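Worth saying up front: this structure is predicted, and the values here are computed from it rather than measured. Excluded from the calculations below are hydrogen atoms, water molecules and symmetry mates; all remaining heavy atoms, backbone and side chain alike, are included.
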Amino acid sequence: MSTNPDDELIPSTTPGYKPSAAKTAAEYAQLDAEDESLARWKASLGIVPGATGGDASGPKVTVLTLELDSPTLPQGKKIAFDLKDTARLAETKKNPINIKEGAEYNVRITFKVNHSIISGVRYLQVVKRSGITVDKMEQMLGSYGPSPTGEAYTKNFDTEEAPSGMLARTGTYHARSRVVDDDGEVYAGKIICAISIII
């Protein structure tokens, strides 16, 4: 049994699948340029002839926010974390986020693709209480290219239900998450927050 907590944030794999070598947006734009259906797919990712993919010196992806939205929250009061604000994330260890027991909620992530093409991007999350894993989620975000307009992408995950009952209300849940692609490149690692279940 592994004692490394990061082992739980390793994405599942498909036997025999090997991702192709990474290419820049400009390389993809030139690839099979005469194939119409491929040209349409590349255009949907913002890859067009003459595309440069922008400055390739920074990270391929910047994860901007992680949000929690629930009908039990006051109107327009979704819980949003700016992932650059590490102090706020650390603050949840002392003052956990309160979620009503049995409430339905959605997790939403906003990210920006800066350059290159990213494929097989996944959001992984492990929730523990008292050191025991109570929930594990792996959500496929998909494949993206840099937005031609520079806008961020937003992905809404499937609706989840908070635990309920007296046992669920004891202790604090600690959620750890990460964003990773097919190549194993981590774009946001060890996003940690604490949650309490309330009546």
Side-chain angles (χ1 to χ4, degrees), residues 1-14 19 58-73 77-114 116 118-144 152-164 168-169 171-198:
M1 183 174 177
S2 174
T3 57
N4 184 353
D6 285 346
D7 287 351
E8 291 184 290
L9 291 172
I10 294 174
S12 60
T13 58
T14 303
K60 286 194 235 178
V61 174
T62 304
V63 180
L64 303 171
T65 61
L66 188 62
E67 300 172 10
L68 184 86
D69 199 4
S70 169
T72 62
L73 294 169
K77 295 288 184 182
K78 66 183 175 219
I79 299 166
F81 292 101
D82 178 342
L83 298 186
K84 294 185 291 292
D85 188 355
T86 53
R88 169 123 192 266
L89 284 170
E91 178 66 21
T92 67
K93 290 182 182 178
K94 292 183 248 172
N95 299 303
I97 299 162
N98 292 322
I99 300 177
K100 190 168 178 159
E101 67 173 335
E104 289 189 344
Y105 65 92
N106 288 84
V107 174
R108 180 179 303 118
I109 190 167
T110 304
F111 59 98
K112 188 173 180 182
V113 179
N114 302 315
S116 303
I118 56 170
S119 64
V121 180
R122 283 172 267 190
Y123 172 81
L124 308 166
Q125 177 178 284
V126 174
V127 179
K128 292 188 174 190
R129 188 181 70 198
S130 303
I132 298 170
T133 300
V134 294
D135 188 38
K136 189 171 180 179
M137 173 174 69
E138 181 172 339
Q139 288 272 341
M140 179 61 77
L141 300 181
S143 299
Y144 300 86
Y153 295 103
T154 298
K155 175 76 175 180
N156 291 300
F157 299 150
D158 298 335
T159 300
E160 300 272 332
E161 186 175 315
S164 58
R169 295 190 301 269
T172 301
Y173 295 81
H174 295 274
R176 297 173 66 247
S177 53
R178 149 181 300 176
V179 178
V180 63
D181 72 6
D182 268 349
D183 296 322
E185 188 165 346
V186 176
Y187 299 116
K190 298 185 182 178
I191 305 165
I192 303 170
C193 64
I195 300 166
S196 286
I197 305 298
I198 59 172

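Residue Arg176 holds its CZ atom at 9.5 Å from OG1 of Thr133, rounded to the nearest 0.5 Å. Rounding to the nearest 0.5 Å places CD of Gln125 at 7.5 Å from CG of Leu66. Taking NZ of Lys128 as the reference point, atom OH of Tyr173 lies at 14.5 Å (rounded to 0.5 Å).
Classification of the Phe111-Tyr144 ring pair by plane angle, with boundaries at 30° and 60°, yields perpendicular.
A heavy-atom distance below 4.5 Å is not found between the side chains of Asn106 and Glu67. Proximity of Val134 to Pro163: side-chain heavy atoms (C-beta onward) are nowhere separated by under 4.5 Å. Put simply, the side chain of Tyr123 does not reach to within 4.5 Å of the side chain of Lys155, judged on heavy atoms.
Contact record, Ser119 with Ser143: CA-OG, 3.3 Å, taken as the closest heavy-atom pair. Pairing each heavy atom of Gly102 with each of Ser164, the nearest pair is N-CB, 3.8 Å. Minimum interatomic distance between Leu124 and Glu138 (heavy atoms only, all atoms of both residues): CD2-CG, 3.3 Å. Contact detail for Phe157 and Met137: the closest heavy-atom pair is CD1-CE, 4.2 Å.
By the side-chain contact (heavy atoms from CB on, under 4.5 Å) test, Glu104 is found to be paired with Thr159, residues two or more places apart in sequence or in another chain being considered. Taking Glu160 as the reference, nothing meets the salt bridge (charged side-chain N to carboxylate O under 4.0 Å, His left out) condition, with sequence neighbours excluded. Shown here are the side-chain contact (heavy atoms from CB on, under 4.5 Å) partners of Thr62, two or more places apart in sequence or in another chain: Pro59, Leu64, Asn114. Partners of Asn156 according to the side-chain hydrogen bond (donor to acceptor under 3.5 Å, both in side chains) rule, which considers only residues two or more places apart in sequence or in another chain, are Arg108. Partners of Thr65 by side-chain hydrogen bond (donor to acceptor under 3.5 Å, both in side chains), not counting sequence neighbours, listed by chain and number: Thr110. For Ala103, the side-chain contact (heavy atoms from CB on, under 4.5 Å) partners at least two apart in sequence or on another chain are Ser70, Thr72, Ile99, Lys100.
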Exercise. Could you walk me through whether Val179 and Leu141 pass the side-chain contact (heavy atoms from CB on, under 4.5 Å) test, one step at a time?
Key: CA-CA 9 Å; Val179 178; Leu141 300 181; 4.2 Å; yes
Quiz prompt | side-chain contact (heavy atoms from CB on, under 4.5 Å) assessment of Arg122 paired with Asp182 | solution = CA-CA 8 Å; Arg122 283 172 267 190; Asp182 268 349; 3.1 Å; yes
